[in-house]
Every structure is written in structure tokens, then in C-alpha cells.
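So that the names make sense, note that chain A is the first sequence line, chain B the second, and so on, each numbered from 1. On a predicted model such as this, the values are computed, not experimentally measured, just so you know.
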Amino acid sequence: MNNWTAGHLPGLAEEDVTWQTLSFGEGAQRVSVRVPALQPAQLSALAQHVKEASARQLKRLPVSRIVQIIDAAVTRLLDPRDPYRQEAERLLPTVTGYDAEMVRLGLTGFLQTFRAPQLQRFIAEDFTNPKVLDEFQPAVKGGFVRAFGPDLLVHSWAGNVPALPLWSLACGLLVKAGSIGKLPSAEPVFASLFARLLAELHPPLADCLAIVWWKGGDEAAPAALFQHADTVLAYGGNEAIAQVQRQVPVTTRFLGYGHKLGFGLVARAALDTQRAPATARLAAHDIVRYEQQGCYSPHLFYVERGGKLAPREFAAYLAAELANLQQRFPRRALALEEAATVSGWRQSAEVQALSQQGVELLGADDAAWAVAYSDTPSGLAPTGGGRSILVCAVDALDHAVPLVAPHARFLQTAGIAAEPQELFRLAEALGRVGVTRITALGAMTAPEAGWHHDGRFNLADLVRMVEIEQSAERAADRLAPYAQEERA
Amino acid sequence: MNEELVETLLAFLAQDGCSDAEFDALALRLFAHQHANNAAYRRFCQLRGATPRTVKSWREIPAVPISAFKEVTLSCTPADSAERVFMTSGTTRGDVKGRHYHPTLAVYDASMTRNFARRFMQGVERLPMAILFPNEQEMPNSSLAHYLALAARHFGSGDSAYYVSLQGLDTDGLRALLRNAERSGGPCALLGASYSFVHLLDGLAAVGETFRLPPGSRILDTGGYKGHSRELPLEAFYAGLAATFGVPRERCINMYGMTELSTQLYDDGNVLVPSVKSGPHWIRSRMVDPLTGREVPRGERGILVHCDLANFNSVTSILTEDVGVAVEGGFLLLGRAEGAQAKGCSLAVEEFLQASRS
């Protein structure tokens with residue numbers, strides 16, 4: 001059996017901490033991960049420690065230097081010979097249950113969006129002049145402006161999509177915030193590894209960042225920590241976010257990122273004998289990557305009628321591609337509850353197929369995927385996950401817009417295969433009803449660097465803009481020792 | 001309606017038990033009947049390659065997921081000729097209700113009364129009953145309302161009464177009743193939905209009142225909370241019942257029933273939770289892996305499948321959404337499987353449904 005310790009607790013001695021064990025995997029693959037269950041007083045002390053250290057260290061680094069440090073860490077994690085990378089590759093498949101090869105490829109693709117050029121793009125997306133993060137810069141309207149990041153940014157992560165905490169960790173670092181992150185019980189590995197790697201690469205950072213954990217439902221721990229935070233970021237379901245929000249003081253900035261539901265649109269231009277198989281392959285890839293557990297993962301494809309291939313044939317191609325991918329990236333083992341959800345969805349599609357014309361379920365009973373096809377358009381709803389997908393025929397892709405519109409608060413990513421004019425027309429309509437990210441099929445699970453997560457500004461939302469108005473500048477001028485008497 | 005089949009069934013229910021072979025024989029006869037007379041079920045069986053020729057034991061009868069009761073008409077007789085239609089409360093999927101058609105209530109009623117006498121009354125003929133659920137006139141499509149009406153009619157004494165209406169719980173009426181019962185010294189029974197008991201416990205806690213109901217008094221709760229009241233862990237719930245009413249936990253019986261069944265399962269009290277549930281000789285249960293439909297090894301958690309021979313007109317075998325584990329003398333009910341939390345950041349079915357309800 002494997003034992004591993006998660007967390008990163010600068011200033012706290014290991015023996016003073018109560019540890020809890022989370023178990024993952026079975027048999028020889030079994031991993032026990034120790035996570036720190038901190039007392040409220042310890043979390044308060046940690047908050048002070050991180051705040052003071054980041055005031056001393058992190059806040060003094062120019063943003064370009066921070067980009068270098070993150071880039072160095074990411075370069076290490078992209079190197080297959082690096083021990084941190086190897087540790088991630090060893091632990092993440094067991095902890096998350098995802099296929100090892102899928103984790104390896106997914107991690108590499110994900111990390112590539114955090115190299116120096118991408119990080120610079122990330123900053124440029126939110127700040128036309130990135131130097132505002134370092135010092136006062138002239139403002140276009142006059143005067144000067146500077147962006148200050150939080151002294152303490154608390155992250156409450158959720159979910160098991162590997163390495164997801166890197167988004168908010170990198171954002172926190174770029175705005176020079178001391179950070180304390182709460183590990184998700186479903187994936188306590190990556191954030192811990194990343195914090196340790198940063199500390200190794202640039203030792204002063206070791207004290208500017210802490211990785212903690214508390215048991216779900218614990219109220220005292222988060223309450224103690226949130227008191228010290230300027231900003232709290234929370235990821236998870238609406239209920240979990242609401243629970244965090246209740247504990248955050250009203251004067252603290254709170255940013256919640258809820259669960260989302262992705263979907264795809266396939267236009268008739270993509271439906272000829274040459275293009276359809278490739279389109280289906282890309283769609284299948286989006287379904288398989290992270291087993292539909294990402295906020296950007298698709299659960300439904302609306303497919304346009306009138307192409308050389310009918311939507312029903314596209315569904316058959318999609319089924320074939322899912323069968324292929326099962327060979328290459330077998331589906332992760334499902335817990336009983338997940339299996340019940342998957343089979344419940346499947347059975348309900350099966351029963352609908354029995355009772356309604358034009359509904360079909362593709363895939364054998366024991367297949368590790370399922371494609372339901374419906375001749376009539378249906379509203380957006382999650383499938384059971386675990387590679388189950390609904391393909392819906394529509395006369396025109398515009399007809400999909402009112403079907404997704406009622407679920408505005410759950411919209412984020414739409415994958416589109418259509419010609420340019422169509423793309424922009426649909427983007428306009430989808431944007432209007434709540435979609436915030438439009439991407440190619442095959443790229444749904446890999447947002448590009450600098451994307452606006454859920455339509456928000458990743459960095460700008462974290463900072464406080466401080467302005468020196470022109471009047472202050474002029475008034476100062478008058479008080480300068482070199483000031484000359486104003487001539488009337 | 002096949003009257004001969006109903007007669008056979010009523011005789012079977014009246015037996016003192018049955019052998020495995022007898023159970024199988026009747027299960028297979030019912031399967032052949034349902035396969036022949038229920039078009040939706042026949043198509044469902046076709047998909048699974050199951051016919052009366054290939055199915056050799058009750059375990060092989062294709063189990064219909066309870067969600068199918070919402071999608072198709074599962075009845076061997078014309079749906080509009082049913083004596084009664086029970087409908088699910090529609091808590092899981094908005095307003096789509098599952099429908100269970102009963103061409104006659106004779107079998108349901110025989111199943112209920114025979115089993116109730118043994119598991120809840122335990123030899124007592126009649127008791128004054130306080131029912132914490134609306135009556136049958138207020139909820140004509142509720143199987144639970146009918147169940148409780150049967151309890152009151154066949155086992156309640158003259159002073160039995162309802163304390164919940166569509167307007168809510170009559171806490172004051174109940175307090176008066178409980179005080180009377182305490183003084184009278186004769187045993188009584190409280191029966192109703194679990195969430196009504198939570199409301200009652202909260203109401204009594206608010207006024208700081210507790211009771212010591214006379215020996216022999218008993219409580220029957222059923223159905224969980226379904227979002228009607230706060231979620232109370234089983235341990236706290238039964239500790240609360242025992243402390244508030246003075247009824248020992250071995251006389252706090254939980255009934256596990258479903259609109260899609262015609263037979264109920266019970267435990268023998270809730271001294272230990274979760275309790276062991278079991279049913280009479282005309283229902284059998286097994287735990288399966290939902291993905292493969294195969295039975296899980298004994299001692300492992302699985303999704304419950306029931307084969308209820310009293311379900312003569314719909315389908316005998318249903319696949320529930322409940323998690324159970326087989327133990328000596330029955331199974332432990334471990335809750336609903338559908339509450340699977342999203343592990344990633346993709347919206348889960350459950351959260352979506354909650355959001356669309358609110």
C-alpha cells in the first residue's frame with residue numbers, strides 16, 4: 001500500500017497537526033493520502049504567516065519575475081523525467097480513477113497553457129499595461145493607476161478534474177496574493193505537489209502559499225480562515241458554494257464558480273462523408289476526456305438536418321468513435337452511485353426508445369458508453385455522465401438556442417462545427433442567452449490561455465485598482481520644493 | 001382481468017410461507033402473463049432477449065427501472081379500466097408522475113393487511129391510531145394514503161383519526177390526543193410519513209413537551225423526508241421518537257414501500273440503525289450492479305431489485321434507485337443512489353433537477 005502526504009503548511013510543525021487519511025483505488029493500486037485537518041487557531045496562525053510572508057516576499061517581486069517562476073515550475077512538470085511529474089503521473093490516475101494515459105495527455109495539454117508566453121497573454125487579457133501590477137502607471141484618462149492584489153486569497157477547490165487548482169493558484173500568484181487553498185477531497189494531490197515545487201524553485205515563496213484541508217461540513221475551520229481573507233474563491237455545486245458564501249464576511253469579496261453544463265452544435269457543413277467521421281471523432285474526444293466531469297464537458301449534441309449525412313448517421317459515427325476510444329482510454333471504474341446514475345439515464349433512454357418513435361439507444365447493454373439519439377429536439381439536461389451522450393436532430397441550429405436558453409445559469413462552453421458566417425451568427429445568439437465560451441469540437445475540455453472563466457476576468461476580478469487622480473498630482477506639484485510662485 | 005390468476009394469488013398470499021420452487025412457479029406464471037399482455041414490457045424483455053421460454057427463475061425476470069413507470073403504461077389490462085391508479089409524488093422529476101394501475105385492489109389490500117397484522121400489530125387486533133398523513137379522499141392517487149386508510153379501517157379502533165390535512169399538521173390536536181393516551185393507560189399507535197414526524201418533533205420541542213405513551217404503544221414511519229422537512233440522521237430520528245413519545249425503539253417500526261410495489265417491507269424496530277428490512281413470502285429482493293444487472297457478491301452494496309408477486313398487473317420485478325446490502329434475515333437499506341454528487345465540475349443530474357424545481 002502507498003502512503004502519501006498532502007498539504008503544504010509553512011510555519012506549522014507536522015507533529016502539531018491532526019492528520020486524516022483518505023483512501024483511493026483498490027488492491028495494489030491503493031493509495032492512502034494523509035490530509036491535514038487543522039484547528040481554527042492553526043488556520044488563523046497560518047493566515048497570518050502567509051499574509052506577512054507575502055507582504056515581505058511576493059509583493060516585492062515584479063510580475064515578470066513571477067511569470068518566470070511559474071514558467072519554471074510548469075516546465076518541470078512538463079518534463080517526463082522530473083520527479084514531481086512522475087509523482088503526479090503515479091498518483092493522479094489512482095486518486096481520480098481516470099485512465100493513466102488520459103491523465104498524462106490531459107496534464108501535458110493543460111500545463112502547456114501555463115508557459116511564460118501564455119501567462120503573459122493571460123495578464124494582457126485583463127491589463128493592457130501589465131506593469132500596473134508592479135507600480136503606478138499613467139492612466140489614459142489622466143492621473144496614475146496601480147492594481148493591488150489581495151493580501152490573502154482563499155481558494156476552496158472542488159472536484160476531481162486533475163490539476164484544476166492550478167488556474168486559481170496561478171491567478172493568485174500573478175496578482176501577488178498570499179494564497180491558502182483548501183484541497184478537494186477528490187483530488188488532494190496536484191495542488192500539494194505544485195506548492196512544494198514552487199517552494200523548491202524559489203524558497204521565499206514557500207511561506208507565501210499554504211495548502212490545507214478540512215472535512216466537508218466543518219464550519220469552524222473555514223469561518224476562522226475566511227475572517228482573514230480579502231477575497232474568497234469557491235468552486236463546486238450551488239449548494240457547496242452557498243455554504244461557503246454563508247461563512248464569508250459580507251465585506252470580503254466572494255467569487256463563486258458553479259457547476260456547468262456543456263453542449264455541442266454540428267452544422268450540416270460538417271456532415272458529409274468526408275468530414276462527418278472526423279467531426280464525430282473530435283466530439284467523442286470531448287466526451288471521453290475527464291469522463292464528462294469538467295464544467296466544459298458536453299452532454300448533448302444538436303445536429304442539423306439537411307446535410308449529406310443525417311443526424312442519425314452522425315450519432316452512429318459518434319457511437320463508433322466512443323467504442324474506439326474505449327479501447328484506447330478505458331472508462332474509469334464507477335462508484336455504485338455513479339453507476340446507478342449512468343444506468344438510470346441509459347434505462348430511461350431505453351424506455352423512451354420503446355415508447356416513442358424516433359428515439360433510439362445505440363450501444364450494447366454492457367458497453368462503457370451510450371449514445372441516445374432523438375429525432376425531436378429536447379431541452380438541455382445533464383446525462384448520467386460516464387460517456388453517455390444525447391444526440392438531437394434539429395432542422396436548423398438556431399432551433400437549439402431556445403432549448404438551452406432556460407438554463408442560462410448553467411451555460412458556459414458550446415463546441416461548434418460550422419462555417420464561419422454560421423459560427424458568428426450562432427455565437428451572437430448563444431452569447432445572448434448565457435454561453436461564455438465557444439470553441440471547436442475537440443477543444444471543449446481545453447480552454448485556451450487567457451480565457452474568461454464563466455465570462456469573468458480571472459485577474460481583474462481579484463485586484464483593487466488604486467488611482468492617483470490628476471488633481472492630486474497637480475496639487476503635489478504645487479507643493480514641490482522646486483515649485484514656482486504662480487504668476488497671475 | 002384474469003380472475004383465475006387473482007384467485008391463485010390470493011390463495012398464495014394466504015399460505016403460511018412457500019418453498020423456492022413454489023415462489024419460482026408463480027413468478028414464472030406471472031411473467032408469462034405480463035409478457036403476453038403488456039406490450040411495453042414485452043418490448044423491454046425483447047431488448048434483453050428474455051422470453052417465458054428462456055427465463056427459468058424469478059432472478060432472471062427482467063427488472064423494470066422505476067423510472068419506466070413514468071414513461072410507459074405498464075399494465076396488462078386497459079389503463080382506463082383500472083379500479084385505482086397510484087401515482088408517485090413526483091419528487092424526482094418535476095411533475096412527471098409514475099403510474100401504477102390496479103385493476104382490482106383485492107390483491108394489494110390482502111398483501112397489505114396480512115403483512116401489517118404480522119409486522120406492526122404483532123397479535124394485537126385493534127389500536128387507537130393517530131394518522132400523520134392526509135386521508136384517502138384528499139389524496140386519491142397516493143398509495144400511502146390508501147395503505148394508511150387500510151390500517152385505520154382494519155386495525156384502528158373507533159377513536160382513530162387523521163391529524164394531517166392538506167392544510168398541514170394539527171400539532172395541538174395531537175398534543176391533546178397524546179395527553180389523553182398518557183392518562184388512559186391504554187396503548188396507541190402513531191403512523192405516518194417520516195417527515196410529518198420530524199415536523200411533530202420540532203413542534204413539540206418548541207413547546208418543550210414530551211410524553212410517556214403507555215406500554216404496547218408503537219410508531220410506524222415511512223418514506224423518508226423527500227425535501228418536506230429537514231434531513232434528520234436515522235439515529236437522531238429514532239432517538240427523538242423514543243425520547244419524545246416514550247415509545248421504545250424496538251416498537252418504532254419503519255415501513256419501506258413504493259408506489260411501484262403492492263407489498264411493503266418492514267424492520268423489527270430501530271434499536272440499531274440502519275435496521276434489517278424484510279418482506280413476506282410473496283416478495284423477494286436482491287442487490288445488483290446497476291451497469292451489468294448482475295447480482296453483487298453477498299455483503300457488497302448494490303441497487304435493490306424486488307420481485308413482488310402481488311404486482312400481478314404491472315410487472316413483478318422492478319429495479320429501484322435504492323442502495324442496499326444483503327444481511328442475515330433481509331437487507332440493510334442504505335439510502336437512495338440517485339444522490340450521487342458530482343465529482344467534477346459538471347452539473348450532476350440531481351443538482352439540475354433541484355435547480356429546475358426551485
Subject >> Rounded distance (nearest 0.5 Å) linking atom CD of B:Gln46 with atom CG of A:Leu354 >> reply: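 So the CD of B:Gln46 and the CG of A:Leu354 are separated by 9.0 Å.
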Original post:
Is it the side chain or the backbone of B:Leu319 that comes within 4.5 Å of chain A heavy atoms, both, or neither?
Top reply: side chain
Subject >> Heavy-atom contact with chain A under 4.5 Å, split by part of B:Ala68 >> reply: both
Counting only heavy atoms not in [X], do more than 12 sit closer than 6.0 Å to its [atom1] atom?
{"X": "B:Arg99", "atom1": "CZ", "answer": "no"}
{"X": "B:Leu272", "atom1": "CG", "answer": "no"}
{"X": "A:Glu239", "atom1": "CD", "answer": "no"}

Original post:
Is it the side chain or the backbone of A:Thr383 that comes within 4.5 Å of chain B heavy atoms, both, or neither?
Top reply: backbone
Original post:
At a heavy-atom separation under 4.5 Å, does A:Leu361 approach chain B through its side chain, its backbone, both, or neither?
Top reply: neither
**OP:** Only one of B:Val296, B:Leu291, B:Asp289, B:Ile303 passes side-chain contact (heavy atoms from CB on, under 4.5 Å) with A:Leu336; say which it is.
**Re:** B:Ile303
Original post:
Can you tell which of B:Leu74, B:Val64, B:Val72 makes a side-chain contact (heavy atoms from CB on, under 4.5 Å) with A:Val351?
Top reply: B:Val72
Subject >> Shortest non-hydrogen contact between A:Gln347 and B:Pro290, atoms and distance >> reply: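 Looks like NE2-O, 4.5 Å.
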